[in-house]
There are 2 protein chains.
Amino acid sequence: MSRQKKATIRDVAAAAGVSVTTVSDALSGKGRLPEATRERVHAVAEQLSYRPSAIARGLRSDGLGLIAICIAPAGGGGVLTDVGYWAAIVTHASQAILSTGHAPVLLPHNVEMLGKLRLPLDGAIVVDPLERDPVLAYFERKRIHCLTIGRDLQRDSGIWVDDDTREGVRQLLLATLPVGTCLGFIRVGPMKSYIGDAVDGARDWAAERGGRLLVQAGASMDAPQVEAAVKALLDGGAHALIAQNDRLALRVLEALRSLGKRVPGDVRLLSAADAPELSRAEPAISAAQAHPARLAELAAARLQDIIRGSGDVSNAKVPMDIFPRASAPGLSG
Amino acid sequence: MSRQKKATIRDVAAAAGVSVTTVSDALSGKGRLPEATRERVHAVAEQLSYRPSAIARGLRSDGLGLIAICIAPAGGGGVLTDVGYWAAIVTHASQAILSTGHAPVLLPHNVEMLGKLRLPLDGAIVVDPLERDPVLAYFERKRIHCLTIGRDLQRDSGIWVDDDTREGVRQLLLATLPVGTCLGFIRVGPMKSYIGDAVDGARDWAAERGGRLLVQAGASMDAPQVEAAVKALLDGGAHALIAQNDRLALRVLEALRSLGKRVPGDVRLLSAADAPELSRAEPAISAAQAHPARLAELAAARLQDIIRGSGDVSNAKVPMDIFPRASAPGLSG
DNA sequence: CCGGCAAGAAGAAACGTTTCTTCATTCAGG
DNA sequence: CCTGAATGAAGAAACGTTTCTTCTTGCCGG
């Protein structure tokens, strides 16, 4: 059984006894032609298993309108973490991109793979970029319009949208920690803007409320490593702990249990990022909540402005909400 | 400030004083030309901010080689669940697809969005298809080569690769449940092949070991719903529970705690799918383990065979491993 | 000097669709 | 009968790159 050559619009036109214009019009629903002609063309196209070349269409018309979404890896060994946040970003960014007439394509945060793909991208959104993010640099090199959700802390240029994590964390700590508390900040994985901002927010709080801040980077999200980091902070005098995000906060809670510490009796626990699991934990964990949906929408809108060459596209910061819960109750008014 | 028209290869050729062939050769590293010419062309391209049209290249040469990966939604309200499994599938399938010279593109499991995208796809992999999966039907309609990881239970045609969940669950139950046990199976969300197979495997076990099988579908993954489903099974006489997957198993464990049941003293607990979290739970939960990496590799290889028109592409079933743990210890001898 | 080979290069066509321009026919109204 | 409008349709060119074929020049060896 030999392979059939792919049918082109010329083959369909010849078999239907019309011009390629008529085939194009018949299949696209454009043009002026009688229903009988349109149906004949459809029948022939079906018979020949004709499949229009999206590449040819893209070349002639309006391109393919591809917008990449690349999510930089977080720490913790998995390919993808912070999954609730990530899923929300993808969902909302995809919808926003589609509403601008573009096509969202989720691509790996991997320069080698992007180089092999060589897709005709109109633009790209990099989520939670690393410091000196290689994918961000790649897009710039290839002159692909790009912006970030979160910021590359080692990069001055580029448009970004980000949560106001610094202010959110500061407000959360103001609302939950007594004056002069010694606070331990636990982080894991590569430095990202939301981590840097959270640490800055904790510093702001400490300066305002006469607290002390200890920062500890864990080697990984594995239980023994988290436990070691927690222990180091407790030994350093910390009576409150804030974790960089929800997953780490849950790990810290487990570690505190293993170490025989009561929450919030012995140690208050907070998270710089919220998730449904935190409110379901025992005790429910206090957190500052990001707004991934809003971020995604702002990002998509700005990227479109960039692509269209609108003159003055500015960065955006989205305020966070704070939720004091049982792990670090709100201070009485 | 007026918009600059995009530079084409013709513009570069004119500015560099060479033909378009020479520009193409210089930028691609092909052809025979002196280094000085090559450098001159590069300089001009840079000066003109020339960006080659990947669409034009794809049309003339070898297409874009896009392979879509679409993951059908599971239950539980989130856009994406079973995230560890999902991340493994994406990672390994992406690598396998790249090694065949194609480009993996993760796309939404959404016919409307796929229709708007109109990407020049050479093939597609649908992961965990729904019954009468609409995306699967879309790809067939558009004559896009397709296979599935997991099966559409309401579809006879199409190539698939799948875990041998039926046999894996049967073996797990044989290894952990005493003769005559009344077993409750909890499931949530749309029917998928791995769920159907797991139920069948449990039925096989019940037939062999004189057990009784009760199947309960939860309305969602929320704690009250899971608790209601667990309670219904316990009231029905179940002394062992098996959850469709890891996330649900963890929820069932929480529900059992809320209901004051000891695991495994009052009720044995098992999961039809494993994850690291299950071995970290208290008690560690017995599970059958899928092999997403192997599945992804087999899928990518078969899809390539399908695309190349190789005559006889067959389905594949991958055996599972079983891990008896404290929640349902292995039967002695 | 002549012929062959290698290096450098250009021109034309291909890829498959869309769109713009032009043409032909028919019908209706003045 | 003539003119204008509407309908149906075709042909050519555009889109931007790659590739194939052919040509030119210079060098070397017989």
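Order of the sequence lines sets the chain letters (A, B, ...), proteins ahead of strands, with each chain counted from 1.
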Using whole Å, what does the distance between atom [atom2] of nucleotide [N] and atom [atom1] of [X] come to?
X: R32(B); N: dT25(D); atom1: CZ; atom2: P; result: 16 Å
X: L33(B); N: dT24(D); atom1: CG; atom2: P; result: 20 Å
X: D62(A); N: dT18(C); atom1: CG; atom2: C1'; result: 10 Å
X: K6(A); N: dC15(C); atom1: NZ; atom2: P; result: 13 Å
X: R10(B); N: dT17(D); atom1: CZ; atom2: P; result: 8 Å
X: L59(A); N: dT17(C); atom1: CG; atom2: C1'; result: 8 Å
X: R118(A); N: dT18(D); atom1: CZ; atom2: C1'; result: 11 Å
X: R51(A); N: dG16(C); atom1: CZ; atom2: P; result: 13 Å

Expected output: side-chain [X] to main-chain [Y] donor-acceptor under 3.5 Å:
X: R38(A); Y: D25(A); answer: yes
X: K192(B); Y: A72(B); answer: yes
X: R151(B); Y: W160(B); answer: no
X: D152(B); Y: P129(B); answer: no

- Query: Can you tell me how far the OH atom of Y194(A) sits from the CG atom of D128(A), to the nearest 0.5 Å?
  - Reply: 6.0 Å
Would you say [atom1] of [X] has more than 12 non-hydrogen atoms from neighbouring residues, nucleotides or ligands within 6.0 angstrom?
X: R155(B); atom1: CZ; answer: yes
X: E112(A); atom1: CD; answer: no
X: R294(A); atom1: CZ; answer: no

- Task: Compute the angle between the rotation axes at the two ends of the helix from dC1(C)-dG30(D) to dG30(C)-dC1(D), each taken over five pairs, rounded to 10 degrees.
- Result: 60°
- Message: What I'd like to find out is whether the side chain of T100(B) reaches to under 4.5 Å of the side chain of I67(B), using heavy atoms alone.
- Response: no
- Note on the structure: Per atom distances to the Y50(A) side chain, the nearest of dT7(D), dT17(D), dT17(C) is dT17(C)
- Task: Consider the side chain of P34(A), meaning its heavy atoms from C-beta on, and name the nucleotide among dG8(D), dT17(C), dT17(D) that approaches it most closely.
- Result: dG8(D)
- Item | DNA chain C contacts made by residues 18-26 of chain B, counting heavy atoms under 4.0 Å | V18(B), S19(B), T21(B), T22(B)
- Message: Within residues 39-49 of chain B, which residues have any heavy atom lying less than 4.0 Å from an atom of DNA chain C?
- Response: none
- Could you please spell out the steps behind the side-chain contact (heavy atoms from CB on, under 4.5 Å) verdict for L119(B) and L66(A)? CA-CA 9 Å; L119(B) 294 179; L66(A) 300 186; 3.0 Å; yes
- Task: Report which part of the nucleic acid G63(A) touches: base, sugar-phosphate, or nothing (heavy-atom distance under 4.0 Å, all strands).
- Result: nothing
- Query: Between dG8(D) and T37(A), is there an OP1 or OP2 to side-chain N/O distance shorter than 4.0 Å?
  - Reply: no
- Task: Tell me whether the OP1 or OP2 atom of dT18(C) has a side-chain N or O from K30(A) closer than 4.0 Å.
- Result: no
- Answer with yes or no whether R60(B) presents, from its side chain, a donor or acceptor under 3.5 Å of a partner atom in the base of dT18(D). yes
- Is there a donor in the side chain of S19(A) and an acceptor in the side chain of T22(A), or the other way round, less than 3.5 Å apart? yes
- Note on the structure: Between A56(A) and E35(B), the residue closer to the 5' end of DNA chain C by nearest nucleotide is E35(B)
- Could you give me the CA-CA distance, side-chain angles and deciding distance for H42(B) and L27(B), then say whether side-chain contact (heavy atoms from CB on, under 4.5 Å) is met? CA-CA 7 Å; H42(B) 273 280; L27(B) 296 182; 3.7 Å; yes
